[in-house]
Structures are given as structure tokens and as C-alpha cells.
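First the proteins, then the strands, lettered A, B, ... as listed; each starts at 1.
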Protein chains: 2
Amino acid sequence: MSPSKSRTDALMAGEELSSVAQRERRKRIVDATIALASKGGFDAVQMRAVADRADVALGTLYRYFPSKVHLLVSSLAVELERAQEKMDRTTVPGDSAYERVLFVLGRITRGLQRNPHLTEAMTRAFTFADASAGAEVDRVAWLMESMFTKAMSDDAPTDEQKAIARVIGDVWLSNLVAWVTRRATATDVANRLELTVRLLLK
Amino acid sequence: MSPSKSRTDALMAGEELSSVAQRERRKRIVDATIALASKGGFDAVQMRAVADRADVALGTLYRYFPSKVHLLVSSLAVELERAQEKMDRTTVPGDSAYERVLFVLGRITRGLQRNPHLTEAMTRAFTFADASAGAEVDRVAWLMESMFTKAMSDDAPTDEQKAIARVIGDVWLSNLVAWVTRRATATDVANRLELTVRLLLK
DNA sequence: GGAGTTTATAGAACGTGTTCTAATTCGGGC
DNA sequence: GCCCGAATTAGAACACGTTCTATAAACTCC
């Protein structure tokens, strides 16, 4: 009983999956999720459809991800990690924190805006998540925060830098949601982010 | 046809309801929503339960509010208006924008935290809202923004003040959500708000 | 006060997230 | 090779948001 439980937890965390087959199943599921979300957004990510496309039974899908929100937030984490890796491989221009943060923000924002449906699906899942998905949400929040602290300086971030990064993350997410729900244009978003970063870092 | 349509729109906006009976129905619905949300949060606000409690048919409920999200966001607007009126009747202490904004923030936040389930229901609906509820969401966003600009100064707000108010609103909401989903304690929230307002207004 | 229109009601019906069941397959230890 | 517990499968079942249908009540205009 106890070993089974710990293995199940590992499924959710996505690390240390016992077998190759399981790692592959998990990847197929996340891929299917991203594909469906890219095509039709949050509503198109239907659990039966994800299971079909990933060639997995519905019950298995739920064994790997206990809810649609867990599934989408975990996929968001995967995507952010990819973005972060890409960012790590590029040298961020600008000789002030202000300029570098704006560069990073602009680049990721434009990246997300290139895939509106996917962005809609993930941001809505993220903000709708309840307590049961706390771990996944925290992971994403941490990825966002570190994305911005890295842009501010190469050294370990100070508390104030962390606070600033968090505020930027909050504003970023809120604007992304406004854009996704068509309450703000891409220009609105860019302006507000610029203004926010200016208030905080200049 | 055309007069009927415009009357239906009025139902959603909540203004100019044709008859007394309709105004009363609408009020019963919002009251039922708030009562159910206060008791069990977002999940407890079930459309059949709201209809029952408001003594209204399910179809009627949907005629007044086209979705659960519309219903909850409209109720949030009602609650924020109440809070705003209360705030208008008290003199906000503090001789800097920083102090006054913090006072307002702290007071409203503590007010919401006194009713965790209601807060959970409303914030989750607000952040989950899709494009179809854009008008209701904008209204709430505007209420929040003006709440903070009023605290900053009695005069008409400058663009910078509006921008600051918006940032504060974003951070406030995000922290409220974190608290509601138990990813942050009340102390965390208070600290982060204090820090944010300090960064922006000091 | 009656015809026509709009609104409300009761309840069935439908879609999708989630859970449950029974049968099957897989993988590791003998 | 065989056994056992765990993982997977197919599919039924259930819950709740939403839509639809048929009927009744309320309102409007003459």
C-alpha cells in the first residue's frame, strides 16, 4: 500500500517515473494536452479527447493527473521550463535591470501571444486552480519569479528583488488574462507592463 | 423584438428593471448566491440550489444571469459597491498616499478574510471569467481601481496614479487568490501588500 | 376585458468533468 | 513458467452547468 502511494505521488510530480513506458505515457498526455489546447483553448481540452489522443484510458489519465486543472497547470510548467531554457541560452541585452526585465517580459509575452488558445487554456487553468493543485501552482509561480530575478541580476536575488519579481509576475499574469479574455489589446498589455516595470525599477 | 432584447440586456446590467417584481427577483437571486457562497464557496453555488433558494425557476435564473460566472462576478460587484459606500462614509487616516492606501487595502482585505468561502467563490469566478463576462469583469476592475485612486487623493487621479492603482489591484487579487487556495497566510498577504505599496508609493 | 406577447415555471435532456466497476495486462519474485 | 499485486483498459455511472420544451401566468395595448 505505502509503496504504491509513493509511486502515485511520483506520477503527479512527473519525476522518477518507475518505468520507461510510464514516462512515455506521461509525455504523450502532456503533448496531447498542448496540442488540443493550441487548437481550441480551455474548452477543447476535454479529458476524453486528451485520453484518446494520448492513447490512454480515461482512468489512466486521471491516475497521472487528478484533474483537468492539474493537467493544464503541469503543462504550463513544462512550457515555462522550455521558455526558461531558451532564455538561458540567449544573452539578455540592456545594462539596467529595467531594460533586461522588459526584454525578457516582452519576449515571453510575445511568445505566448503567438499561441492564443494555448495561453488561454493555461492561464485560465492557473487562475482557476483550487487548493488541491497548490503544489503545481507554486511551481509555476516559482518559475515565473525566478525568470524575472534572473533578468534583474546574475547574483542571488535580494528580498527586495524577489518582491519586485513577484509583483511583476502578478501584473504580467493579470494582463495576460485580460488579453486572453479580450479586455485588453496586445498594445495595452505592452504599455502596462512597461509602465509597471518603470514604476518598480526606475 | 427590439424592445424585448433591450429589456433582457437591462436584466443583466441590473439597472432599469421593468417591474418591481423583477427587481425583487434579481435581489433574491443575488442574496441566495451570497448566502450559498458564504456557506460553501464556489462549489456550493450550484445553479439549481440558487434557483431553489431564490424561489425562481432554473430557466429564470439563466434569464437574469447567463452563467454561473456572470452571477458570481455580478455579486462581487454588489459587494464591492457596499464596501466602497462604507469606505466613503469613513475618513481615511494617514497623511500620505502610502498610508491611506495601506489603510484601505488592509480594511477591505480583512473584511473579505472574515468570509473565506464567499471570497473564494468570488475571486475564483472573477479570475475564471471568459470573454462573455467581459463587461462584468471590467466593472469590478473599475471599482477596484477607483477604490485605490480615491485613497491616494481626493482629486481626479493622474494617469500615473491610475497605473499604480491598477498594479495594486493586480497584486491584491493575486494575493487574495493565494490566500484562498491556502498558498499564503493572512500574514503573508499583509506583508506582500505592504511591500508592494511601499515600492510603488514611497 | 380579450388577444397577443413577453416572462416565468417545472422538468426533461444534454455535455463534460469525475468516479466507479469489472476484466485484462504487465512486471517482478519464486 | 507461474503467481501476485499493481497498472491499465473499456465503458458505465454520476454530478452539475447549461439548454430545451411545453405550459401557465403576467403584462400590454386596444
| query | Is there a side-chain contact (heavy atoms from CB on, under 4.5 Å) between A:Ile164 and A:Ile168 once you walk through the steps? | reply | CA-CA 6 Å; A:Ile164 292 176; A:Ile168 293 175; 3.9 Å; yes
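For B:Leu143 against B:Gln84, the heavy-atom pair with the smallest separation is O-NE2, 4.3 Å. Residues B:Val73 and B:Val137 come closest through the heavy atom pair CG1-N, 4.0 Å. B:Ala186 and B:Gln113 get closest at one heavy-atom pair: CB-OE1, 3.8 Å. For the pair B:Met47 and B:Ser67, the tightest heavy-atom approach, listed with the atom from each and the gap, is CE-C, 4.0 Å.
For B:Glu194 and B:Arg198, the salt-bridge test passes: some basic side-chain N is under 4.0 Å from an acidic carboxylate O. Salt bridge A:Arg48/A:Asp52: absent, no basic N to carboxylate O contact under 4.0 Å. Salt-bridge annotation for B:Arg82 and B:Glu85: absent, with no side-chain N of the basic residue lying under 4.0 Å from a carboxylate O of the acidic one.
Distance CG (A:Leu61) to C1' (C:dG17): 11 Å, rounded to an integer number of Å. Rounding to whole angstrom units, CG of residue B:Leu71 and P of D:dG17 are separated by 10 Å. The CG atom of B:Asp52 sits 14 Å away from the C1' atom of D:dC16 (whole-angstrom rounding). Protein atom CG of B:Asp130 is 16 Å distant from nucleotide atom P of D:dG17, rounded to whole Å. A:Glu24 has its CD atom 16 Å from the C1' atom of D:dA7, to the nearest Å. Atom CZ of A:Arg23 is separated from atom P of D:dA7 by 15 Å (rounded to the nearest Å). Rounded to an integer number of Å, the gap from A:Leu72 CG to C:dG17 C1' is 12 Å. Following rounding to the nearest Å, A:His70 (NE2) and C:dG17 (P) show an atom-to-atom distance of 16 Å.
Within the structure, the ring-ring contact (aromatic ring centres under 6.0 Å, His included) test picks out the following pairs touching residues 23-53 of chain B (sequence neighbours left out): A:Phe128-B:Phe42.
Within residues 34-41 of chain B, no residue places a heavy atom under 4.0 Å from DNA chain C.
With sequence neighbours left out, the side chain to side chain contact (heavy atoms under 4.5 Å, CB included) criterion links B:Ala32 to B:Val50, B:Arg53, B:Ala54.
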Report each atom pair, protein N/O against N/O of nucleotides 24-28 of chain C, whose distance is under 3.5 angstrom.
none

Give me, pair by pair, the N or O atoms of the protein and of nucleotides 18-20 of chain C that are less than 3.5 Å apart, along with how far apart they are.
from, atom 1, to, atom 2, distance (Å)
C:dT18, OP2, A:Tyr62, OH, 3.0
C:dT18, OP2, A:Lys68, N, 2.9
C:dT18, O5', A:Tyr62, OH, 3.4
C:dT18, O4, A:Arg48, NH2, 3.0

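For A:Thr149 (side chain) and A:Ser146 (main-chain N/O), a donor-acceptor pair under 3.5 Å exists by modelled atom type.
Shown here is A:Glu81, whose CD atom has more than 12 heavy atoms of other residues, nucleotides or ligands within 6.0 Å.
Here the rule is side chain to side chain contact (heavy atoms under 4.5 Å, CB included) with A:Thr123, and of A:Val180, A:Thr181, A:Leu76, A:Leu112 only A:Val180 fits it.
Each end of the helix from C:dG1-D:dC30 to C:dC30-D:dG1 gets its own rotation axis from five pairs of C1' atoms, and the angle between them is 10° to the nearest 10 degrees.
With hydrogens and angles left out, the side-chain atoms of A:Trp179 and A:Thr185 include no donor and acceptor closer than 3.5 Å.
Residue-level contact check: B:Val50 touches neither bases nor backbone, having no heavy atom under 4.0 Å from any strand.
Nearest nucleotide to the A:Ala57 side chain, out of C:dT9, D:dA10, C:dA8: D:dA10. Comparing C:dT9, D:dT8, D:dG17 by their closest approach to the side chain of A:Arg63 singles out D:dT8.
Side-chain N/O atoms of B:Gln22 include none lying less than 4.0 angstrom from OP1 or OP2 on D:dC27.
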